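Throughout, a chain's letter reflects where its sequence line sits, starting with A, and its residues are numbered from 1. Keep in mind that what you see is a predicted model, and the values were worked out from it rather than measured.
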Number of protein chains: 2
Amino acid sequence: MEWDEIDKKILTLLQQDAKQTTKELSLKLHLSVTAVYERIKKLERSGVIEQYVALLNKQKIERNFVVFCHVKLTTHSKETIVEFEKDVKKLHEVLECYHVSGDYDYILKILVQNMEAYREFMVTKLTTLKHIGSTHSIFMIGEVKNSTHILI
Amino acid sequence: MEWDEIDKKILTLLQQDAKQTTKELSLKLHLSVTAVYERIKKLERSGVIEQYVALLNKQKIERNFVVFCHVKLTTHSKETIVEFEKDVKKLHEVLECYHVSGDYDYILKILVQNMEAYREFMVTKLTTLKHIGSTHSIFMIGEVKNSTHILI
DNA sequence: CTTGAAAGTCGGTCGAC
DNA sequence: GTCGACCGACTTTCAAG
C-alpha cells in the first residue's frame, strides 16, 4: 500500500490519541471530514492500523516490576522451537518475546507485581516449560521511556 | 483507587479494543450504558487509563528491525544519568529504555527499518551521546509475541 | 480532492431511584 | 452506586462537482 505525507500525519496523530474525532483531525490536517474518514478507513482496511487500545498506568494497577529474561533452549529443532513459542505465548506475564541472535535464544519482557510474584512466575510457569535450558534475568530499576509511537 | 471485578473487565475489554462503544460494553457487562460510561470516566480521571492509541503493523510500515541494545555508561554520577536519560528520550528510534541491574546500565529497545538504518542510528545518534561507555546489540530474528495487554 | 445532506448512532448530562 | 430519557455532536454513507 502506498501512502503520502497526509497519511503519515494521520498515523502520527492516531498513535498519540486514537480518541480524536475525524472532525478534530480534519481541522489539524486542513482537509474535509470525509477525506480524513476515507483515509483512516483505508489505513484500517489495509492493516496498517492494526488495533486501537487503551494503555494503562503500570504503577496504578500495581504491575510495575519489569524483568528482561534471556532464555536458552536445550535443543534447537523445529519442534522444540514451535512448542516453546506456543507455550510462552500463553503466559500473560510475558508481554513480549523475541527470538534473537547472540548468546541466548529468546528475550522475554515480563511484567509482574513484585519480586515475589516474579519468583512465583519463574518457579511455577517459565521454568516448567519444556526445552528450557538456562535463563538469565535482568531487573528494571527505572523506566526511562516506554512508547508505542513509531515515527514514520 | 479501588476497583472491582467489573472495572477489571472493562480494562481488559478496552485493552483489547478501545473503539468499542459504551453500548457494546454495557451489553457484554450486563450493565446500563450510563454505569459503564461513569466507570470508564472514573478510570480515565484516576489515571489508570493513561491513553488511547492506534497500534500499527510494523511490517506494513517497514519498521520491522528490532534491536535490544545494552548500554554501559562511563561514569555513574547523578548528572551523567540525568543527561543520558534526557538525551535518549529524544531518540524516536528508541521506543523503550530501562535502567537495569546487572552488567549493563540500560536496555534500549530500538526500532528501525533495517540493518543499514541501525548502523546509521548507532554511528550518528546513539554513540554520539555523552557518557556512553560500551554497547552490545542483540538483534531480533523473529517476533513471537508483542502485546500491550496487561492482565489485571 | 471538495461540499452538503441525510440517517443512524453515540457521548454526555439530567433527574429519579 | 443504578437506570432511562434527552439532545447535540458525532460517524458513516451518499450524490454531485
| request: Identify, with sequence neighbours excluded, every residue that meets side-chain hydrogen bond (donor to acceptor under 3.5 Å, both in side chains) alongside B/E50. | output: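 Checked B/E50 against side-chain hydrogen bond (donor to acceptor under 3.5 Å, both in side chains); matches are A/N57.
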| said: Check this for me: B/K9, atom NZ, are more than 12 non-hydrogen atoms of other residues, nucleotides or ligands nearer than 6.0 Å? | reply: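 Atom NZ in B/K9 is not crowded, with 12 or fewer foreign heavy atoms closer than 6.0 Å.
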| Just wondering, more than 12 heavy atoms not from A/D103 lying within 6.0 Å of its CG? | no
| Modelled atom types, side-chain donor and acceptor of A/Y104 and A/T135, under 3.5 Å | no
| query | Would B/S26 and B/S32 count as having a side-chain donor-acceptor pair, cut-off 3.5 Å? | reply |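 Per modelled atom types, B/S26 and B/S32 side chains form no pair under 3.5 Å.
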| message | Between B/H99 and B/Y106, is the ring centroid distance below 6.0 Å? | response |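 For B/H99 and B/Y106, the ring centres are under 6.0 Å apart.
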| What parts of residues 23-43 of chain A reach DNA chain D, counting only heavy atoms under 4.0 Å away? | A/K23, A/T34, A/Y37, A/K41
| Can you list the steps and then say if B/K125 with B/M122 is a side chain to side chain contact (heavy atoms under 4.5 Å, CB included)? | CA-CA 6 Å; B/K125 293 192 176 177; B/M122 288 299 277; over 6 Å; no
| query | Quick one: how far along DNA chain C does chain A reach, first to last nucleotide 5' to 3', anything under 4.0 Å to a heavy atom? | reply | C/dC1 to C/dG4
